[in-house]
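Notes to accompany the following structure.
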Amino acid sequence: MNRYLCAAAAILTASTLGCSSTNEPLESQASGTLTPSMSPTSPPTWETTSPEPVDPLESFSAEEREYLKALEKKNPDDYPLEPDYVVESTLESGLEICGEVAKDVYDEPTKAPGGPNINRLIEIVDEMSYDSGGVDSDVAGPAFKYLCPEHAKMWKRAHSGFTEGVQTVGEDIKPGIYHTASGLFPHSGSGLVTDCYWERSTDNGDTIANDFIKNAPKGVTVTIRASDGGFTSEGCGNWLKIG
């Protein structure tokens with residue numbers, strides 16, 4: 001074979017095996033093996049972080065947070081810390097109670113401005129015990145403790161009292177020494193009681209002791225015993241525990 005035919009054969013052989021710009025062995029290219037420079041690119045790795053927990057009470061004051069937490073701890077079904085509209089409603093109830101005391105007890109004294117009217121506060125306590133006006137009685141304690149602590153002492157004192165009518169000893173009222181509320185505080189009335197009837201009775205309704213007071217300038221005092229079943233009063237006004 002002449003030299004021209006040999007050169008053509010060499011070119012044909014190289015074309016069949018494939019050409020490469022690298023110096024790698026032809027056997028590696030022919031087998032389809034991936035070399036390091038031909039490796040596919042790995043997908044990027046994304047770092048994820050957990051979101052910081054959000055405090056549902058972050059926007060409230062420290063006093064409001066304590067009030068809401070106290071109610072949630074006391075009754076989580078009725079006063080959960082979320083959703084927002086429940087929390088707002090719970091806070092409004094507490095502020096309503098504090099506002100009611102300021103309005104009815106301090107703005108409407110019977111003698112001079114600025115003093116508490118214990119009679120009105122006893123009535124508020126009684127109204128709340130029946131969940132009157134949509135105000136839950138469970139809200140009152142935490143409200144006075146955290147939202148308006150300036151009223152807490154008077155509120156606690158009013159809880160020892162009761163309004164006139166029929167009371168069950170041990171349930172509605174506790175045993176103790178009671179005095180008509182008017183006159184016990186400077187802004188609660190003159191202390192004068194007229195045409196007042198009271199009666200202590202057994203569980204069966206039998207009379208243990210009773211009295212009708214026509215005129216008592218300094219009020220009336222009655223001792224209610226643990227063995228009593230009930231206490232009834234008419235025309236005496238509210239009562240407050242003094243012992």
Side-chain angles (χ1 to χ4, degrees), residues 70-71 73-75 77-79 93 96-97 100-101 104-105 108 110 116-145 151-243:
L71 282 178
K73 183 178 180 180
K74 185 176 183 179
N75 194 336
D77 293 333
D78 289 342
Y79 307 108
S93 295
E96 180 182 347
I97 290 174
E100 189 171 347
V101 171
D104 292 348
V105 179
E108 298 179 4
T110 56
N117 186 334
I118 192 66
N119 266 313
R120 177 59 188 136
L121 191 51
I122 292 172
E123 292 168 1
I124 292 175
V125 171
D126 183 68
E127 291 167 3
M128 287 183 179
S129 67
Y130 294 99
D131 203 13
S132 174
V135 179
D136 196 324
S137 59
D138 291 341
V139 174
F144 282 104
K145 182 176 182 180
H151 302 325
K153 185 176 181 179
M154 187 62 64
W155 173 258
K156 184 177 180 180
R157 184 70 191 276
H159 259 281
S160 72
F162 59 89
T163 58
E164 62 181 22
V166 180
Q167 310 290 339
T168 301
V169 179
E171 294 182 9
D172 301 324
I173 60 175
K174 296 180 179 180
I177 304 173
Y178 289 84
H179 190 85
T180 48
S182 295
L184 289 177
F185 290 86
H187 304 282
S188 295
S190 64
L192 174 65
V193 173
T194 61
D195 299 329
C196 164
Y197 174 79
W198 62 263
E199 177 184 306
R200 293 169 47 220
S201 58
T202 65
D203 291 332
N204 297 325
D206 297 330
T207 300
I208 298 173
N210 62 351
D211 198 2
F212 180 80
I213 294 90
K214 185 69 176 177
N215 189 349
K218 296 183 179 182
V220 180
T221 301
V222 175
T223 299
I224 300 174
R225 304 187 184 282
S227 56
D228 294 353
F231 181 78
T232 302
S233 64
E234 296 179 5
C236 308
N238 301 320
W239 298 81
L240 198 61
K241 195 171 184 292
I242 61 172

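- Of all non-hydrogen atoms in Val169 and Pro175, the two that sit nearest each other are CG1-CG, 4.1 Å.
- Among residues two or more places apart in sequence or in another chain, the side-chain contact (heavy atoms from CB on, under 4.5 Å) test is passed with Glu164 by Ser233.
- Every residue two or more places apart in sequence or in another chain was checked for a side-chain contact (heavy atoms from CB on, under 4.5 Å) with Lys145, and none qualifies.
- A side chain to side chain donor-acceptor pair (under 3.5 Å) with Arg200 is found for one member of Thr207, Asp228, Thr223 and no other, namely Asp228.
- A distance of 10.5 Å separates NE2 of His159 from NZ of Lys174, quoted to the nearest 0.5 Å.
- Applying the side-chain hydrogen bond (donor to acceptor under 3.5 Å, both in side chains) rule to Thr221 yields the partners His179; only residues at least two apart in sequence or on another chain are considered.
- Between Leu240 and Ile122, the shortest heavy-atom distance links the atoms CD1-CD1, 3.7 Å.
- Between Phe144 and His151, the ring planes lie perpendicular to each other; the angle is over 60°, past the 30° to 60° tilted range.
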Distance-only donor-acceptor pairs under 3.5 Å for side chains of residues 208-220, two or more places apart:
residue, atom, partner, partner atom, Å
Asn210, ND2, Tyr197, OH, 3.1
Lys214, NZ, Asp195, OD1, 3.3

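- With sequence neighbours excluded, the residues satisfying side-chain contact (heavy atoms from CB on, under 4.5 Å) with Ser201 are Glu199.
- Of all heavy-atom pairs spanning Ala70 and Pro142, the tightest one is CB-CB, 4.3 Å.
- Annotation: disulfide bond (SG atoms under 2.5 Å apart) contacts involving residues 212-243, sequence neighbours excluded, comprise Cys196-Cys236.
- With ring centers used as reference points, Tyr178 lies under 6.0 Å from Phe162.
- To the nearest 0.5 angstrom, Lys73 atom NZ is 13.5 Å from Asn75 atom CG.
- Side-chain atoms of Thr202 come within 3.5 Å of backbone atoms of Asn204 as a donor-acceptor pair (strictly under, hydrogens ignored).
- Atom OG of Ser160 is separated from atom CD1 of Ile242 by 10.0 Å, given to the nearest 0.5 angstrom.
- Interatomic distance, CH2 of Trp239 versus CH2 of Trp198, reported as 7.5 Å (0.5 Å rounding).
- Counting all heavy atoms, side chain and backbone alike, Val166 lies closest to Asp172 at O-OD2, 4.4 Å.
- For Gln167 (side chain) and Thr163 (main-chain N/O), a donor-acceptor pair under 3.5 Å exists by modelled atom type.
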